[in-house]
There are 2 protein chains.
Amino acid sequence: MAASALERGMDKSLQIAEARVPLDPNQEDRAQFIRDSLRDAIVDRRLSPGTKLSEAEVGTLFDVSRTVVRAALQMLAFEGLVKVERNRGAFVSDPTPEEALQVFASRRLIEPGIIAAVIERVTAADIAAFRSHLAEETRHKQERGAAARRAEIKASGDFHLMLASVAGNAILQKFMDELVARSSLVIALYGRSGASSCGHNDHADLLDAVEARDVPRAQALMLRHIGHIEADLDLRVKAGLTLKDALAL
Amino acid sequence: MAASALERGMDKSLQIAEARVPLDPNQEDRAQFIRDSLRDAIVDRRLSPGTKLSEAEVGTLFDVSRTVVRAALQMLAFEGLVKVERNRGAFVSDPTPEEALQVFASRRLIEPGIIAAVIERVTAADIAAFRSHLAEETRHKQERGAAARRAEIKASGDFHLMLASVAGNAILQKFMDELVARSSLVIALYGRSGASSCGHNDHADLLDAVEARDVPRAQALMLRHIGHIEADLDLRVKAGLTLKDALAL
DNA sequence: AAAACAGATATTGCGTTCAATCTTGTGGCT
DNA sequence: AGCCACAAGATTGAACGCAATATCTGTTTT
C-alpha cells in the first residue's frame with residue numbers, strides 16, 4: 001500500500017534500485033545487471049531526465065570498477081535512455097518533443113505488424129498469460145500513489161513487450177524493447193494524467209480482438225491505443241524550460 | 001574478372017580496410033572509427049561470418065589498446081553484426097536462416113512506412129541526389145568482379161539508408177541502419193546471384209513512384225523489391241551446415 | 001559590479017596489469 | 001590404441017593508475 005515510503009530514503013545519492021551490492025545473481029555479466037537496474041530506475045522515473053550518472057558513483061553503488069559501469073552506460077546509450085557526452089559523462093536522456101513524436105510514429109509503424117504476427121501464433125496459454133497480466137494492470141490502476149502509478153506505467157509497457165515476444169521476431173522484439181523504454185521516459189516527462197489510461201481499457205479490448213483473431217480490428221485498436229497515449233502528452237510544457245524560465249515563477 | 005584474387009591475400013591476419021593506423025580522423029571517438037571500419041569490412045564481406053575478432057589483434061591493427069577495441073566490438077554486438085561469447089571473444093555473426101527471415105520481415109514492416117514519410121517530405125534536391133546515386137549503382141552493376149559486386153551491394157543498401165534519412169525519423173533511421181547491415185550480411189551468406197538485382201530495376205521504379213508522390217504504388221514497389229531480394233536467397237544451403245555435414249562431401 | 005582570467009579540483013579517456021577462464025598439447029592409465 | 005586427466009599457453013574480464021579535459025572557486029581587471 002504505502003509503498004512510496006521507499007522513495008524517501010534518497011538523500012543526495014543516486015537511489016537506484018538496490019542501495020548496495022544486491023549480490024551477484026550468477027556472477028555473470030555484471031554490466032548487464034547494472035544496465036537493467038539503471039534502466040528500471042530510469043523507466044520508473046526514480047532517475048529523472050538530465051540526471052548525471054557518474055561512473056564513480058554508480059561504481060560505488062554496485063561495488064564494481066568504472067570499467068563495468070562504462071559498459072553498462074554504453075549499452076543504455078545505444079537504447080537511447082542515456083546520452084553520453086565526450087569528456088563530460090553520461091546523463092539520463094531528456095527527449096525533446098520531436099523525439100517523443102518519433103517514438104510514437106515508430107510504434108505506429110511496428111506494432112500493427114506485431115499484432116498481425118501475434119494473431120498468427122498466439123496460443124491459449126498465451127491468452128491466459130495476457131489475461132493474468134491484465135488483472136495485475138487493473139489492480140495497479142486502482143491503487144493510489146506514485147509507486148502504483150509507476151507500477152502501472154511499467155505494467156502497461158510490459159503488455160506491449162509480451163505481445164512482441166509472442167510475435168516471435170527477435171529483431172522486432174529488440175526494437176520494441178527500446179521503443180517501450182523510450183515511451184516510458186516520454187510519458188514520465190510529458191504525461192498529463194501520468195498514466196496512459198485516462199478511462200480507457202485499451203489493452204483489454206485489444207486482447208479480445210486478438211483472441212477473436214480479428215486482425216484488422218486488433219490493428220485498429222492498437223493504433224487507437226497509441227493515439228490515446230499520445231493524446232495524453234503535453235508536449236508544450238518542457239519545450240522552453242530553461243533554468244531561467246524555471247526560476248521565473 | 002578474377003578480382004576475387006584480392007581475397008587471397010588474407011593469410012592469417014585480419015585484413016581490414018587499413019592495414020595500420022589510418023590516422024586519427026579528428027582524434028575523437030576512435031572506438032567509433034574502429035566500429036565503422038569493422039562494419040564496412042563485415043558488410044563488404046571482407047570479413048566472413050564466423051571470423052574471430054581478437055581484441056589484441058584488432059588493437060594492434062588500429063594501434064589502440066584493447067579497451068577501445070572492446071567498446072567498438074560491444075557496439076557491433078548491439079547491431080547484431082558480431083556475437084560476443086563470454087570468455088571466448090567476438091565473432092562476426094553468422095545469421096541463421098530464421099534470423100535472415102526475421103530481418104526481411106522487419107524490413108517489410110518498416111520500409112513501407114518510411115516510404116510514406118519520404119513522399120511527404122522529399123524535395124527536388126533529394127530526388128536529384130537519389131538519381132545521382134542510382135547512376136552510381138547501375139555503374140557498379142555493369143562492372144564485373146567481386147569488388148564491383150561488393151560495391152553494388154553496399155550501394156544498394158545505401159539507397160535504402162538515404163530513404164530512411166529523408167524520412168526524418170532518427171529512430172527509424174537507426175533501425176534501418178541495423179537492418180540494412182544485417183541484410184548485407186544475409187545476402188553475402190545466402191545470396192544466390194550475389195546481387196539483389198537479378199535483372200530488376202527496382203530502385204529506379206521505386207524512385208519514379210516516389211517522385212510522382214504515389215504512396216500506394218511506391219509502397220507496393222518497396223514490398224515487391226524486398227520480395228525480390230528475399231527470392232534471391234537460398235536459405236537451404238547453410239541450413240544444416242554443421243561441421244559434420246560440411247565434411248560429409 | 002560584472003566580466004574575465006587562473007589555479008585547484010573532480011571526472012572522464014584509455015593504456016596497462018593481474019586474475020580468471022578457455023584452449024591446446026602432453027602424458028599416464030585402462 | 002583410445003580415453004581421460006593435467007598442465008602450459010593464450011585470451012578475455014576487470015581493476016588500477018595516469019594523463020587529458022571539463023568544472024568550480026577565488027581573484028584580478030576593466
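Protein chains get the first letters and strands the later ones, always in sequence-line order, with residue 1 at the start of each.
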Round to the nearest Å and state the distance from [X] atom [atom1] to [N] atom [atom2].
{"X": "A/D63", "N": "D/dA15", "atom1": "CG", "atom2": "C1'", "result": "12 Å"}
{"X": "B/L53", "N": "D/dA10", "atom1": "CG", "atom2": "P", "result": "20 Å"}
{"X": "B/F33", "N": "C/dG13", "atom1": "CZ", "atom2": "C1'", "result": "18 Å"}
{"X": "A/F62", "N": "D/dA14", "atom1": "CZ", "atom2": "C1'", "result": "17 Å"}
{"X": "B/R86", "N": "C/dT23", "atom1": "CZ", "atom2": "P", "result": "14 Å"}

Excluding sequence neighbours, so at least two apart, what forms side-chain hydrogen bond (donor to acceptor under 3.5 Å, both in side chains) with [X]?
{"X": "B/T123", "result": "B/D126"}
{"X": "A/R39", "result": "A/E79"}
{"X": "B/R88", "result": "B/E85"}

Partners passing ring-ring contact (aromatic ring centres under 6.0 Å, His included) against B/F130 (at least two apart in sequence or in another chain):
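Listed in chain order: B/F159.
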With A/H140, which residues qualify under ring-ring contact (aromatic ring centres under 6.0 Å, His included), at least two apart?
none
Taking the side chain from B/S93 and the backbone from B/P95, do they hold a donor-acceptor pair closer than 3.5 Å?
no
Under the rule for salt bridge (Lys or Arg N to Asp or Glu O under 4.0 Å), what residues qualify as partners of B/K174, not counting sequence neighbours?
A/E178
Counterpart residues, side chain to side chain contact (heavy atoms under 4.5 Å, CB included), relative to A/N169 (two or more places apart)
A/I171, A/L172, B/Q102, B/A105, B/S106
Let's see if you get this right: which residues in residues 64-80 of chain B place a heavy atom under 4.0 Å from DNA chain D?
B/R66, B/R70
Base-contact (B) and sugar-phosphate-only (S) positions in nucleotides 6-11 of chain C, heavy-atom cut-off under 4.0 Å, - elsewhere
-----S
